[in-house]
Protein chains: 2
Amino acid sequence: MSKEKSVSGTVGKALDVLNEFASIGRPARFSEVLAASKYPKTTLYRLLQTLTNEEMLSYDPEEQMYSLGVRLVRLAHAAWEQSSMAPIARPFVDALSHEVGLTVHLAQLDGGQVLYIDKRNSSAPIQMYSQAGKIGPAYCTGVGKAMMACLEEEALERVISQQSFHRYTEHTLTSAQDMRQELLTIKEEGVAFDREEHEHNIICIAAPILSLKGKLMGALSITTTRHRHSIDDLALFKDHLLDAAKQIGDEAEVWHFPDKL
Amino acid sequence: MSKEKSVSGTVGKALDVLNEFASIGRPARFSEVLAASKYPKTTLYRLLQTLTNEEMLSYDPEEQMYSLGVRLVRLAHAAWEQSSMAPIARPFVDALSHEVGLTVHLAQLDGGQVLYIDKRNSSAPIQMYSQAGKIGPAYCTGVGKAMMACLEEEALERVISQQSFHRYTEHTLTSAQDMRQELLTIKEEGVAFDREEHEHNIICIAAPILSLKGKLMGALSITTTRHRHSIDDLALFKDHLLDAAKQIGDEAEVWHFPDKL
DNA sequence: AACTAAGTTCCATTATACGGAACAATAATA
DNA sequence: TATTATTGTTCCGTATAATGGAACTTAGTT
């Protein structure tokens with residue numbers, strides 16, 4: 001459990017516990033959760049019971065293991081469809097991926113991290129769930145940097161403070177200063193590059209998706225490997241990418257919920 | 001909101017509201033939710049606020065619209081990976097789909113309904129999220145019937161009582177009696193057929209997935225269209241299907257959580 | 001200006017969650 | 001077998017948070 005921020009209300013605590021399970025990433029016993037938790041024994045116990053009753057957690061009495069429940073999958077399906085821009089963006093993502101023949105990612109900013117909400121791989125048919133819902137660092141991914149470049153000072157400050165600046169590779173930017181510098185460049189160019197900053201051999205070009213009013217909606221990226229392409233190669237896709245991003249942004253603007261029943 | 005069952009505790013209510021949003025299926029205004037809700041104005045208002053704070057809902061002040069938040073997508077990714085059998089089943093689902101050249105579905109039973117947790121389409125690369133997390137009726141789908149056939153009396157009773165028995169097509173089974181009859185046949189044959197009971201032109205063969213101890217884990221199905229195949233054609237896949245289901249079941253049994261950190 | 005309708009705040013009441021401590025159940029050690 | 005840890009569960013008086021009726025805003029109509 002994130003021991004820093006104290007959450008108010010029972011609901012907050014319950015969701016906090018769910019988060020903990022998500023970050024543990026595998027089924028866990030009561031004591032294990034307790035150790036990681038900021039809540040006292042009894043309280044946590046009751047929370048787990050409640051969540052299990054509500055089927056947000058499932059409990060295996062055999063193994064005495066709690067794990068995240070399938071009800072979440074169900075809810076998420078609805079969330080993905082109605083609240084992310086994935087459904088709107090889908091045709092454009094498809095088209096872009098087809099055009100350039102490379103992998104395309106669609107992401108949003110969520111709590112200082114990058115949340116991938118869609119992925120299209122022109123060649124291999126892929127397993128979406130294994131990508132959608134996945135999170136990644138913002139400071140060393142193309143989509144992350146592209147989005148950060150669009151934040152106004154206050155929001156940017158907050159997001160930067162949430163970055164770990166862990167050095168994944170020798171190309172990773174590891175300080176807020178470097179970051180700010182990089183963001184200026186990105187603002188100028190209109191696109192961000194990931195120069196093997198997160199994973200060796202993986203490079204990408206990314207662009208922010210803005211609504212007409214200028215509100216940041218997410219980001220779009222084209223990913224490839226150093227083996228197959230150079231950064232300069234990727235730069236050639238800039239117009240295609242910006243075009244797709246613009247189209248999605250415009251569409252998202254228009255997208256007004258099916259008016260009244 | 002499901003007005004029948006009264007939920008205890010604040011957490012239950014909050015999740016209840018989330019469910020409501022999922023079933024509305026699109027962003028909604030306060031009053032709209034209120035109308036559908038069993039909770040009084042103020043209570044609902046506070047619930048929405050709490051959920052928004054926790055980012056389980058997102059609120060657009062512009063439009064005064066609430067919608068399911070992306071945080072759910074994040075949680076669901078973890079849920080899908082750790083609590084459903086999808087990751088275990090994946091290679092077998094892949095193989096089966098490849099073998100028979102048709103669409104394969106993986107499903108679990110969730111609250112009397114069928115919850116699809118994976119799908120593989122040998123030909124067209126597909127959008128997974130549009131399937132995983134999707135729900136369907138149990139009484140008129142192959143996977144649903146296959147799973148129901150494996151329930152012991154008490155559980156079956158409950159599930160049957162949750163069925164609407166809506167007549168989707170002229171082939172839909174529309175009564176508990178017919179259902180029980182059908183389940184006997186399925187038990188004998190070991191597989192269930194969907195003879196255009198849910199959608200016209202869509203037929204499938206499905207098998208339950210059981211753990212070695214005999215616990216029902218889910219179901220697996222091969223789907224096609226009447227235009228391309230007959231039920232008899234599908235019956236030819238029976239061995240392949242049962243084989244895959246058995247392998248998944250066995251694997252799931254072995255699958256013991258990565259022991260201790 | 002008067003009237004609706006939708007959304008928000010107030011506040012005394014009540015129900016719920018809280019958590020320390022004591023209690024089981026099981027496993028580990030002597 | 002007795003003894004001590006370890007882990008999971010229940011009790012219960014207390015403290016806190018949720019409740020919901022009513023009143024108040026705000027914005028849109030007549």
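Reminder, nothing fancy here: chain letters follow the sequence lines and each chain counts from 1.
You'll find the side chain of A:Ile186 reaches within 4.5 Å of the side chain of A:Leu183, heavy atoms only.
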Inset, instruction - Summarise how protein sits on nucleotides 8-20 of chain D as a single string, 5' to 3': B when a protein heavy atom is under 4.0 Å from the base, S for sugar-phosphate-only contact, - for no contact. - result: BBBB------SBB
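A distance below 6.0 Å separates the ring centres of B:Tyr45 and B:Phe30.
A side chain to side chain contact (heavy atoms under 4.5 Å, CB included) with B:Leu220 is found for one member of B:Val143, B:Ile209, B:Leu242 and no other, namely B:Ile209.
Not a single salt bridge (charged side-chain N to carboxylate O under 4.0 Å, His left out) links B:Lys215 to another residue, sequence neighbours left out. For A:Arg158, the salt bridge (charged side-chain N to carboxylate O under 4.0 Å, His left out) criterion is met by no residue, not counting sequence neighbours. Not counting sequence neighbours, the partners of B:Glu153 by the salt bridge (charged side-chain N to carboxylate O under 4.0 Å, His left out) test are B:Arg180.
In the helix from C:dA1-D:dT30 to C:dA30-D:dT1, the end axes, each obtained as the rotation axis mapping the C1' atoms of four pairs onto the next four within a five-pair block, lie 30° apart to the nearest 10 degrees.
The residues B:Glu32 and B:Arg26 are annotated as salt-bridged, a charged nitrogen and a carboxylate oxygen being separated by less than 4.0 angstrom. Ionic pairing of B:Asp94 and B:Arg90 is not present here: no N-O contact between side-chain nitrogen and carboxylate oxygen is shorter than 4.0 angstrom.
The span of DNA chain C lying next to chain A, judged by atoms under 4.0 Å from heavy atoms, is bounded 5' to 3' by C:dA17 to C:dA21.
For CD of B:Glu152, the number of neighbouring non-hydrogen atoms (other residues, nucleotides, ligands) closer than 6.0 Å is greater than 12.
The aromatic rings of B:His198 and B:Tyr168 sit perpendicular, their planes meeting at an angle over 60°, well past the 30° parallel limit.
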